[in-house]
Amino acid sequence: MNTQHANEVRPLEIAAQKAIIRRMFDSISRRYDFLNVFLSSGIQYIWRRRFIREIVEGNPETALDLCCGTGSMTYPALSRGVSVCAIDFSRAMIELGVESGRIETALIADASVLPLKDSVYDRVYTAFGIRNVPDYVSMLSEAFRVLKPGGRFHILELTRPSSKTMSSIYGFYLRRILPLVAGILSGRMKAYRYLAGSVSNFASPDELVSEMKNAGFERIDIIPMTGGIATIMSGVKSE
């Protein structure tokens, strides 16, 4: 998806995109977690540790993990005493997470149309998921809706570095190295071409923060990591 405002995309086009993306994640579910760690040389562990510290700060009781995948960010919150509901539209991903014990409570659902009541959770978060939601603006609005007043929404996402040199090196890795290596290891090169392109084509952190503000979030923080290759963004639903 490019940075075209999600509301400008026709509903039928969005539905078609979601169907394609869902099938893609179902097809790579078995190798997804391994390849994430392998292709990032383990740096993801550093990002995830920082992210979970942000989520559990203030000792929240309840949380919603959007685009949870196999539960790689669900379990760390559960292990710290947070009651977490995990949501993803890929049945294969959810089933793997439940089988592994990383997910206890799950819903197979669209993150941009949540089957949940208003003002339910202390925290809502998503790790490496929002760029795969064609109508991510609706996802932001839904995250705001289901948060309790005073709750915080957290995003961890791969982003484009601001440094031209770093951006050039990272761009080459995304275009050439990642799809080739991941394609060989997974047998799904087309899927990893999409995933690599999704980083380059998605909204910048500044654009995403602007959309968070439009959704109603306040006191927004931005934490770039590893030269801007990954970024944590968070905002509060005012009381």
Side-chain angles (χ1 to χ4, degrees), residues 18 21-22 25-26 28-29 32-33 36-37 44-133 135-136 138-148 150-158 195 198 202 208 212 215 217 221 223 230-237:
K18 288 181 178 180
I21 294 168
R22 181 171 57 250
F25 277 108
D26 282 343
I28 62 175
S29 58
Y32 184 71
D33 290 330
N36 278 349
V37 174
Q44 278 207 13
Y45 287 127
I46 298 172
W47 301 338
R48 291 175 185 275
R49 282 197 295 268
R50 176 64 185 272
F51 191 50
I52 197 64
R53 288 202 303 270
E54 296 287 324
I55 292 167
V56 301
E57 183 178 358
N59 300 314
E61 294 182 0
T62 58
L64 180 66
D65 183 358
L66 295 176
C67 306
C68 66
T70 63
S72 58
M73 284 306 303
T74 309
Y75 183 74
L78 282 171
S79 66
R80 288 162 175 79
V82 184
S83 176
V84 185
C85 178
I87 285 184
D88 203 290
F89 68 177
S90 168
R91 178 178 293 275
M93 289 280 194
I94 288 282
E95 288 178 347
L96 280 173
V98 172
E99 289 170 10
S100 68
R102 291 193 295 264
I103 294 175
E104 292 183 355
T105 303
L107 288 173
I108 299 171
D110 185 339
S112 61
V113 190
L114 295 174
L116 299 167
K117 296 180 181 179
D118 296 352
S119 305
V120 178
Y121 296 97
D122 299 313
R123 300 285 186 273
V124 177
Y125 64 93
T126 182
F128 308 118
I130 192 169
R131 76 179 190 279
N132 297 305
V133 179
D135 50 347
Y136 72 90
S138 297
M139 177 179 171
L140 294 174
S141 296
E142 284 290 85
F144 184 85
R145 180 181 66 80
V146 301
L147 263 179
K148 293 178 182 177
R152 182 173 282 274
F153 175 51
H154 303 265
I155 298 170
L156 169 60
E157 191 52 87
L158 297 173
L195 288 169
S198 70
F202 189 57
L208 196 51
M212 290 175 68
F217 292 104
D221 292 330
I223 306 172
T231 304
I232 293 173
M233 290 154 276
S234 63
V236 174
K237 180 177 180 177

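What you see is a predicted model; the values in this text were computed from it and never measured. Just the heavy atoms: all of them, side chains too, but no hydrogens, waters or symmetry mates, feed the values below.
- Across every non-hydrogen atom of Asn132 and Ile21, the tightest pair is O-CD1, 3.6 Å.
- Proximity of Lys18 to Asp135: side-chain heavy atoms (C-beta onward) are separated by under 4.5 Å at one or more points.
- Between Val120 and Lys148 there is no side-chain heavy-atom pair separated by less than 4.5 Å.
- A donor-acceptor pair is defined here as one N or O able to donate and one able to accept, closer than 3.5 Å; such a pair exists between the side chain of Lys237 and the backbone of Phe144.
- In this structure the side chain of Leu66 reaches within 4.5 angstrom of the side chain of Met139, judged on heavy atoms.
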Arg123/Thr62 under side-chain hydrogen bond (donor to acceptor under 3.5 Å, both in side chains): CA gap, chis, key distance, verdict
CA-CA 7 Å; Arg123 300 285 186 273; Thr62 58; over 6 Å; no
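- Note that CZ of Phe51 and CD1 of Ile55 are 4.0 Å apart. Values are rounded to the nearest 0.5 Å.
- Side-chain contact between Gln44 and Trp47 is present, with at least one heavy-atom pair separated by less than 4.5 Å.
- Inter-residue side-chain proximity for Leu64 and Leu147 is flagged as unmet; no heavy-atom pair is nearer than 4.5 Å.
- Proximity of a side-chain donor or acceptor of Asp88 to a complementary backbone N or O of Ile94 within less than 3.5 Å is not detected.
- In this view, Phe153 and Phe217 satisfy the ring pair (Phe, Tyr, Trp, His ring centres under 6.0 Å) rule, not counting sequence neighbours.
- Looking only at side-chain heavy atoms (C-beta outward), Ile232 and Ile155 stay at 4.5 Å or farther from each other.
- Put simply, the side chain of Ser198 never gets that close to the backbone of Arg131: no donor and acceptor are under 3.5 Å apart.
- Heavy-atom neighbours of Glu95 CD from other residues, nucleotides or ligands within 6.0 Å: above the threshold of 12.
- With hydrogens and angles left out, the side-chain atoms of Ser112 and Asp110 include a donor and acceptor closer than 3.5 Å.
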Hey, mind stepping through Ile223 and Glu54 against side-chain contact (heavy atoms from CB on, under 4.5 Å) and telling me if it holds?
CA-CA 11 Å; Ile223 306 172; Glu54 296 287 324; 3.7 Å; yes
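- Between the Tyr32 side chain and the Asp26 main chain, no donor and acceptor come within less than 3.5 Å of each other.
- Side-chain atoms of Leu208 and Phe202, non-hydrogen and from C-beta on, do get closer than 4.5 Å to each other.
- A distance-only check finds a donor-acceptor pair linking the side chain of Arg102 to the backbone of Thr70 [under 3.5 Å].
- A donor-acceptor pair under 3.5 Å is absent between the side-chain atoms of Asp122 and the main chain of Gly151, judged by distance alone.
- Partner Ile87 forms a side chain to side chain contact (heavy atoms under 4.5 Å, CB included) with one of Ile103, Thr126, Leu107 and no other, that one being Leu107.
- Arg145 meets the side chain to side chain donor-acceptor pair (under 3.5 Å) test with Asp118, Glu142; sequence neighbours excluded.
- We find that Arg53 and Glu57 are not joined by a salt bridge, their nearest charged nitrogen and carboxylate oxygen being 4.0 Å or further apart.
- Between the side chains of Ser234 and Arg152, at least one donor-acceptor pair of N or O atoms lies under 3.5 Å.
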